[in-house]
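Have a look at the structure below before the remarks.
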Amino acid sequence: MDHRGVTKISTGTTIMAVEFDGGVVVGSDSRVSAGQSVVNCFFNKLEPLHDRIYCALSGSAADAQAMVDLINYQLELHSLETEMPPRVLAAATLVKGLSYKHPELSAHLLVAGWDPQNGGQLLKYETQLSGRPWPFISLD
């Protein structure tokens, strides 16, 4: 209950990611809500962007999935052109660019993965990309 005696109903996304020596672990709930109603209890909020790079979705499920599909395509092209796996920072930079270019999208992606140059990394985008690695991230 809040200070007015009203019971608060929380139906938001819960995402957590932790970096460890050699990689990252990402987890999330599986609910999709519309206001106070849960409309889907079994939605996978962890999506691959590439072989060793994943993202955790929050916000509009449709917007987040559209962003994932586009970034996945761009990373695959990049990988084919360079004949190297993409870096985690490259994936996070694509998320930042897409979010900046399309502010009407109501989605936030947490990017987590491993690359040979920097190992395990966690990067999130809110109003600006945090280019430094985070030991853990929690979105609620």
Side-chain angles (χ1 to χ4, degrees):
M1 290 190 158
D2 67 6
H3 67 283
R4 297 171 295 177
V6 178
T7 302
K8 180 180 176 187
I9 299 173
S10 176
T11 57
T13 293
T14 301
I15 296 171
M16 182 171 166
V18 179
E19 182 181 332
F20 66 94
D21 187 26
V24 295
V25 175
V26 184
S28 76
D29 69 313
S30 61
R31 300 181 303 203
V32 175
S33 58
Q36 295 181 354
S37 302
V38 176
V39 295
N40 186 345
C41 294
F42 304 106
F43 183 77
N44 185 9
K45 295 181 182 178
L46 305 177
E47 288 287 330
L49 294 176
H50 205 266
D51 294 339
R52 296 181 177 170
I53 304 172
Y54 277 74
C55 68
L57 316 175
S58 66
S60 164
D63 288 352
Q65 193 61 56
M67 290 176 71
V68 166
D69 291 343
L70 183 58
I71 292 165
N72 182 286
Y73 175 75
Q74 290 177 340
L75 287 175
E76 188 62 33
L77 281 179
H78 173 75
S79 183
L80 290 171
E81 289 174 355
T82 62
E83 298 180 355
M84 295 177 61
R87 296 174 65 181
V88 178
L89 184 58
T93 301
L94 287 172
V95 169
K96 176 186 175 184
L98 187 60
S99 298
Y100 181 76
K101 191 180 227 181
H102 297 283
E104 71 277 6
L105 294 176
S106 177
H108 302 281
L109 304 182
L110 178 151
V111 179
W114 183 92
D115 63 49
Q117 293 84 5
N118 297 311
Q121 299 160 74
L122 301 173
L123 298 162
K124 68 177 178 174
Y125 173 79
E126 287 174 349
T127 55
Q128 57 182 295
L129 177 67
S130 171
R132 67 180 175 87
W134 293 76
F136 68 91
I137 296 176
S138 175
L139 299 175
D140 189 21

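When reading the values below, keep in mind they use all heavy atoms of this one structure, side chains included, and skip hydrogens, waters and symmetry mates. Bear in mind that the values here come from a model prediction, so they are computed numbers and not experimental data.
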* Structure fact -> Rounding to 0.5 Å, atoms CG (Leu105) and CE (Met67) come to a distance of 6.0 Å

* Structure fact -> Value for CE (Met16) from CG (Leu122), rounded to nearest 0.5 Å, stands at 10.0 Å

* Structure fact -> Correct closest heavy-atom pair for Ala112 and Val24 would be CB-CG2, 3.9 Å

* **Lys101 NZ to Lys96 NZ distance, which is reported to the nearest 0.5 Å** => 14.0 Å

* Is Arg52 paired with Asp115 through a side-chain N to carboxylate O contact shorter than 4.0 Å? -> no

* To do: Check Gly27 against Leu46 and note the closest heavy-atom contact, atom names and distance.
  => CA-CD1, 4.1 Å

* Asked: After noting the C-alpha distance and the side-chain angles of Glu47 and Gln65, does the key distance pass the side chain to side chain contact (heavy atoms under 4.5 Å, CB included) rule?
  -> CA-CA 9 Å; Glu47 288 287 330; Gln65 193 61 56; 3.8 Å; yes

* Is the closest side-chain heavy-atom distance between Arg87 and Gln121 below 4.5 Å? -> no

* What are the two closest non-hydrogen atoms of Ala91 and Ile71, and how far apart are they? -> O-CG2, 4.5 Å

* Is it the case that one hydrophobic cluster holds both Tyr73 and Leu49, taking links as side-chain heavy atoms less than 4.5 Å apart, direct or via other members? -> no

* Looking only at heavy atoms, what is the nearest atom pair of Ile53 and Pro86, with distance? -> CD1-O, 3.6 Å

* Asked: What's the shortest heavy-atom distance between Ile15 and Leu57, and which atoms?
  -> CD1-O, 3.1 Å

* What pair of heavy atoms forms the shortest contact from Glu104 to Asp63, and how long is it? -> O-OD2, 4.1 Å

* Report yes or no: does Ser30 contribute a side-chain atom to a donor-acceptor pair with the main-chain N or O of Asn44 at less than 3.5 Å? => no

* Asked: When hydrophobic residues are tied together by side-chain contacts of less than 4.5 Å, even through go-betweens, does Trp114 share a cluster with Leu75?
  -> no

* Structure fact -> The side chain to side chain contact (heavy atoms under 4.5 Å, CB included) partner of Gln74 among Leu98, Leu94, Asp69 is Leu94

* Are Val88 and Val68 joined in one hydrophobic group, where the rule is that I, L, V, M, F, W and Y side chains link up if heavy atoms are under 4.5 Å apart? -> yes

* Asked: Quick check: does any side chain N or O of Thr93 sit under 3.5 Å from a backbone N or O of Leu89, one acting as donor and the other as acceptor?
  -> yes

